[in-house]
Amino acid sequence: MDIVKGNMGWIEVVCGPMFSGKSEELIRRLRRAQIARQRVQIFKSVLDDRYAQQEIVSHSEARIEAQIVSQAPDILKQVDPRTEVVGIDEAHFFGMDLVEAADQLANLGKRVIVAGLETDYLGRSFEQVSQLMTVAEEVTKLLAICVRCGNPAKHTQRLVASEERILVGAQTEYEARCRRCFDPHLAAEKVAVSKQTAKT
Ligand code: ADP
Ligand code: ZN
């Protein structure tokens, strides 16, 4: 964001598939705010217990301290009135009420930076993230690298048998794929195969 006068708040969204560098970018922006001696608070969902508890950790091991919340309204409760910058990772782990929470924080004059998956393992958009993109002042869409062919990857390929929309995982459960290599049916096929083997 260029020219911002007074204490106007705003919303920045960083989205893309897994491994596209969303957490890295979020951490980079938050670190720069800390270097500028701004008051920063960072939140992550209780669902994201993959790496560290009180930290956001990227796949490249960049890390930053974070507070854990179970739902979006808790962010509003836990934000210090003096906080200038609010970072939120894994937006898709929150409900639609994250949109209202981010909006309220921005209206209070805070810079809100939200990172999250744009689409799920079937390629469908995460509603709270697309809604956030609509209310945001700035959107950054990142791409990963397709592990199959090296092209820019916009999809998160699920590799394991599960049809749950949210399945917390990393490299063994997911990989980045381009639109050509993405196979949205793979997870469902694996579920069908495992049901078949269980019967026999
Ligand atoms: P995200 O938050 O989008 O899942 P991270 O910020 O945690 O992404 O991690 C990004 C880092 O993941 C990259 O800088 C790179 O080191 C690593 N990485 C692993 N696999 C890939 C891939 N297929 N494409 C791009 N980066 C990858
Ligand atoms: Zn590919």
Side-chain angles (χ1 to χ4, degrees), residues 11-35 40-69 72 75 85-94 98 102 112-130 132-133 136 138-160 162 164-187 189:
I11 301 173
E12 296 164 37
V13 171
V14 180
C15 65
M18 275 181 77
F19 308 105
S20 62
K22 301 183 301 299
S23 300
E24 234 168 43
E25 178 59 19
L26 176 68
I27 294 168
R28 188 185 77 88
R29 292 184 193 186
L30 295 168
R31 282 247 177 280
R32 288 169 63 90
Q34 286 171 335
I35 292 167
V40 176
Q41 262 184 293
I42 305 155
F43 296 94
K44 65 179 254 185
S45 161
V46 70
L47 294 182
D48 184 9
D49 56 359
R50 284 171 298 178
Y51 308 105
Q53 278 291 311
Q54 307 276 353
E55 283 181 318
I56 290 171
V57 184
S58 78
H59 292 108
S60 54
E61 289 290 317
R63 48 182 75 226
I64 198 161
E65 221 175 284
Q67 291 171 245
I68 298 168
V69 285
I75 300 176
V85 182
V86 178
I88 304 165
D89 202 12
E90 310 285 11
H92 51 280
F93 285 163
F94 292 94
L98 181 62
V112 184
I113 316 172
V114 191
L117 282 177
E118 193 185 359
T119 54
D120 67 9
Y121 75 106
L122 295 173
R124 301 173 303 191
S125 70
F126 275 108
E127 273 308 309
Q128 62 280 58
V129 179
S130 55
L132 276 165
M133 287 162 81
E138 193 184 277
V139 176
T140 306
K141 262 179 90 152
L142 299 175
L143 295 163
I145 306 294
C146 176
V147 297
R148 283 282 175 98
C149 72
N151 271 312
K154 75 175 297 290
H155 287 293
T156 306
Q157 177 72 54
R158 183 174 287 176
L159 304 168
V160 293
S162 166
E164 296 290 318
R165 191 164 200 213
I166 295 288
L167 171 74
V168 181
Q171 257 105 338
T172 44
E173 289 87 9
Y174 294 101
E175 65 186 24
R177 295 225 192 143
C178 72
R179 62 166 64 239
R180 238 177 12 192
C181 300
F182 177 53
D183 177 4
H185 309 296
L186 184 71
E189 281 164 13

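Both ligands and their constituent atoms are indexed starting at 1 by order of listing.
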Original post:
Does the protein put any heavy atom within less than 4.0 Å of atom 15 (C) of ligand 1?
Top reply: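 Protein heavy atoms within 4.0 Å of atom 15 (C) of ligand 1 - there are none.
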Subject >> Lys/Arg N to Asp/Glu carboxylate O, E24 vs R28, below 4.0 Å >> reply: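 Between R28 and E24 there is no salt bridge, as every charged N stays at least 4.0 Å from the carboxylate O atoms.
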Find out whether [X] and [Y] are in side-chain contact, i.e. whether some heavy atom of one side chain is under 4.5 Å from a heavy atom of the other.
X: I68; Y: K44; value: yes
X: S20; Y: M18; value: no
X: F94; Y: I75; value: yes
X: R179; Y: H155; value: yes

**OP:** Would you check whether Q171 has a nitrogen or oxygen atom less than 3.5 angstrom from a nitrogen or oxygen atom of ligand 1?
**Re:**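 There is no such contact.
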Original post:
Is there any N or O on F19 that sits under 3.5 Å from an N or O of ligand 1?
Top reply: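 Indeed, backbone or side chain, F19 has an N or O that close.
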**OP:** Give the single entry among I145, L117, D89 that approaches atom 24 (N) of ligand 1 most closely by any heavy atom.
**Re:**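 Going through I145, L117, D89 one by one, I145 has the nearest heavy atom to atom 24 (N) of ligand 1.
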**OP:** Pick whichever of A144, G21, S23, A62 has a heavy atom sitting closest to atom 2 (O) of ligand 1.
**Re:**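 It is S23 that holds the nearest heavy atom.
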Enter the distance from [X]:[atom1] to [Y]:[atom2] here, rounded to the nearest 0.5 Å.
X: E90; Y: L26; atom1: CD; atom2: CG; value: 9.5 Å
X: D183; Y: R177; atom1: CG; atom2: CZ; value: 7.0 Å
X: S23; Y: I56; atom1: OG; atom2: CD1; value: 6.5 Å

Atoms of ligand 1, numbered as shown, that sit under 4.0 Å from any heavy atom of [X]:
X: S60; value: 16 (O)
X: M18; value: 4 (O)
X: S58; value: 5 (P), 6 (O), 7 (O)
X: V147; value: 23 (N)

So which heavy atom on [X] is nearest to which on [Y], and how close?
X: A187; Y: V160; result: CB-O, 3.6 Å
X: P152; Y: C178; result: O-CB, 3.3 Å
X: L47; Y: V168; result: O-CG2, 3.5 Å

Among all protein heavy atoms, pick the one closest to [atom] and tell me residue, atom and distance.
atom: atom 12 (O) of ligand 1; answer: H59 CB, 3.4 Å
atom: atom 13 (C) of ligand 1; answer: E24 OE2, 3.6 Å
atom: atom 3 (O) of ligand 1; answer: K22 NZ, 2.7 Å

**OP:** May I ask you to determine how many protein N/O/S atoms are under 2.8 Å from the Zn ion (ligand 2)?
**Re:**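 My tally for this metal is 4.
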Subject >> Under the side-chain contact (heavy atoms from CB on, under 4.5 Å) test, residues paired with E118 that sit two or more places apart >> reply: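 So E118 forms a side-chain contact (heavy atoms from CB on, under 4.5 Å) with C15, M133, K141.
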**OP:** Fit a plane to each ring of F126 and H92, take the angle between them on a 0 to 90° scale, and name the class: parallel (under 30°), tilted (30 to 60°) or perpendicular (over 60°).
**Re:**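 Ring orientation, 0 to 90° scale: tilted.
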Original post:
Does some non-hydrogen atom of P17 fall short of 4.0 Å from ligand 1?
Top reply: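 Yes.
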Original post:
Can you find a non-hydrogen atom of S20 under 4.0 Å from ligand 1?
Top reply: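 Contact present.
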